[in-house]
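Only one structure is covered here, and it is reproduced in the block below.
In the text below, chain A, chain B and the rest are named by the order of the sequence lines, each starting its count at 1.
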There are 2 protein chains.
Amino acid sequence: MDTGDRLLTPGEVAALFRVDPKTVTRWAAAGRIGSIRTPGGHRRFRESEVRALLEGEGMLDEVGEVAGDRPRNAGPAATGGPPGPANAGLY
Amino acid sequence: MDTGDRLLTPGEVAALFRVDPKTVTRWAAAGRIGSIRTPGGHRRFRESEVRALLEGEGMLDEVGEVAGDRPRNAGPAATGGPPGPANAGLY
DNA sequence: GGTAAGTAGGGTAATTAGGGGG
DNA sequence: CGTGTCCTAATTACCCTACTTA
């Protein structure tokens with residue numbers, strides 16, 4: 001069960017992705033990444049989910065998009081059935 | 001049924017939310033989370049309430065998924081443990 | 001009774017949330 | 001369309017000492 005349910009702060013995730021914390025917050029707002037809200041309104045992200053995203057688990061399209069192409073995001077359409085982030089409409 | 005009246009210490013709740021014990025105490029002081037006060041003045045929190053807050057507090061009882069009744073994850077268990085980090089917008 | 005750990009309390013700095021505009 | 005940076009406001013984290021709990 002303990003798949004490493006450690007919660008990371010926006011700053012931690014931002015450092016992992018080398019982006020601004022604001023961008024991470026936008027991902028959570030867009031439902032692209034699961035987020036746990038504290039009673040105070042701050043967000044916490046699951047280390048396991050962040051790691052999966054870092055590996056490319058978010059896009060199950062690792063084949064055919066490696067070289068000589070500009071794949072914006074051909075069909076994210078969740079056809080792969082991401083078991084986790086089912087939270088779409090946030091607010 | 002038992003509401004899981006197990007009481008958790010501020011340190012336990014803080015570890016669950018990845019915050020400081022002081023922050024948990026502040027939540028109790030602000031009335032954001034129920035707290036039981038000991039005769040000495042220390043606080044105890046209900047395990048059931050804390051868990052509800054972690055899940056998003058959407059009163060969505062996801063207790064019915066015990067046996068393979070929902071073939072949702074057919075491949076990679078990306079998120080790992082909690083398959084449904086469905087959080088609710090609270091702000 | 002005594003020791004160690006945790007918690008409460010106040011105060012200050014750092015981080016985060018939200019919106020707007022580039 | 002997505003990201004980085006600006007602002008203000010709110011929340012959180014770490015500092016301290018004293019008391020309660022185990």
Side-chain angles (χ1 to χ4, degrees), chain A residues 5-62 65-66 69-80 82 85 87-91, chain B residues 5-58 85-91:
Chain A
D5 291 46
R6 291 179 303 170
L7 296 175
L8 301 177
T9 61
E12 288 285 296
V13 181
L16 263 61
F17 280 93
R18 199 79 72 167
V19 294
D20 270 3
K22 266 324 201 270
T23 304
V24 179
T25 298
R26 266 189 213 133
W27 293 344
R32 294 213 270 233
I33 180 172
S35 59
I36 307 279
R37 305 276 294 225
T38 65
H42 283 205
R43 277 170 237 207
R44 295 282 120 94
F45 304 92
R46 294 194 180 275
E47 200 273 349
S48 47
E49 188 168 344
V50 172
R51 249 174 52 188
L53 254 44
L54 279 169
E55 290 208 28
E57 199 68 37
M59 319 114 161
L60 306 164
D61 189 63
E62 72 265 347
E65 65 157 312
V66 270
D69 212 327
R70 211 55 78 195
R72 199 88 324 270
N73 43 3
T79 25
N87 55 336
L90 245 124
Y91 71 135
Chain B
D5 294 58
R6 187 164 60 142
L7 297 177
L8 300 177
T9 62
E12 288 287 301
V13 181
L16 263 57
F17 279 92
R18 219 308 197 175
V19 293
D20 249 48
K22 271 317 172 3
T23 304
V24 179
T25 298
R26 194 172 297 111
W27 294 343
R32 287 184 167 124
I33 180 173
S35 58
I36 311 274
R37 304 271 298 207
T38 67
H42 285 201
R43 277 178 252 250
R44 289 290 124 86
F45 305 93
R46 295 192 178 278
E47 201 268 353
S48 50
E49 187 169 349
V50 173
R51 260 173 64 180
L53 253 46
L54 276 170
E55 299 261 337
E57 219 217 323
N87 54 44
L90 173 105
Y91 192 54

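With rounding to the nearest 0.5 angstrom, the CG atom of B:L16 is 10.0 Å from the CZ atom of B:R51. Once rounded to the nearest 0.5 Å, the distance linking CD1 of B:I36 with CZ of B:R46 reads 4.0 Å. Taking OG1 from B:T23 and CZ from B:R18, the interatomic distance works out to 11.0 Å, rounded to the nearest 0.5 Å. The line from CD of B:E12 to CG of B:L7 is 12.0 Å long, rounded to the nearest 0.5 Å. Note: A:L8 CG to A:S48 OG = 9.0 Å, rounded to the nearest 0.5 Å.
At least one side-chain nitrogen or oxygen of B:T23 sits closer than 4.0 Å to the OP1 or OP2 atom of D:dA13. At least one side-chain nitrogen or oxygen of B:R43 sits closer than 4.0 Å to the OP1 or OP2 atom of C:dA8. Contact between the side-chain N/O atoms of A:W27 and the OP1/OP2 oxygens of D:dG2 is not found at any separation under 4.0 Å. The phosphate of D:dT11 has OP1 or OP2 within less than 4.0 Å of a side-chain N or O from B:R32.
Contact of the A:L53 side chain with the A:W27 side chain is not registered, since no non-hydrogen atoms from C-beta on lie closer than 4.5 Å. Between B:H42 and B:T9 there is no side-chain heavy-atom pair separated by less than 4.5 Å.
Here the side chain of A:R26 is nearest to one of C:dG20, D:dA13, C:dG9, namely C:dG20. Of the candidate nucleotides C:dT7, D:dT12, D:dT11, C:dT7 has the atom nearest to the side chain of B:T9.
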Report task. Walk me through it: do B:R26 and B:D20 pass the test side chain to side chain contact (heavy atoms under 4.5 Å, CB included)? Result -> CA-CA 10 Å; B:R26 194 172 297 111; B:D20 249 48; over 6 Å; no
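Distance alone, capped at 3.5 Å, is enough to place a donor-acceptor pair between the A:R43 side chain and the A:T25 backbone.
Helix bend of the helix from C:dT3-D:dA22 to C:dG19-D:dC6: the angle between its two end axes, each built from five pairs, comes to 60° after rounding to 10°.
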Requested in this report: Would you give a per-nucleotide map of nucleotides 15-22 of chain D, 5' to 3', where B means the base has a protein non-hydrogen atom under 4.0 Å away, S means only the sugar-phosphate does, and - means neither?
Outcome: B----BS-
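Distance A:L8 CG to C:dT15 C1': 15 Å, rounded to the nearest Å. Straight-line distance from the CZ atom of B:R37 to the C1' atom of C:dA8: 8 Å, rounded to whole Å. Following rounding to the nearest Å, A:I36 (CD1) and D:dT11 (P) show an atom-to-atom distance of 20 Å.
Across B:F45 and B:S35, no two heavy atoms sit closer than the pair CE2-CB, 3.8 Å. Summarising the geometry of B:P21 relative to B:A14, their closest heavy-atom pair is N-CB, 3.5 Å, with the distance given to 0.1 Å.
Listed by residue number, B:R18, B:V19, B:D20 are the residues of residues 13-21 of chain B with a heavy-atom contact under 4.0 Å to DNA chain D.
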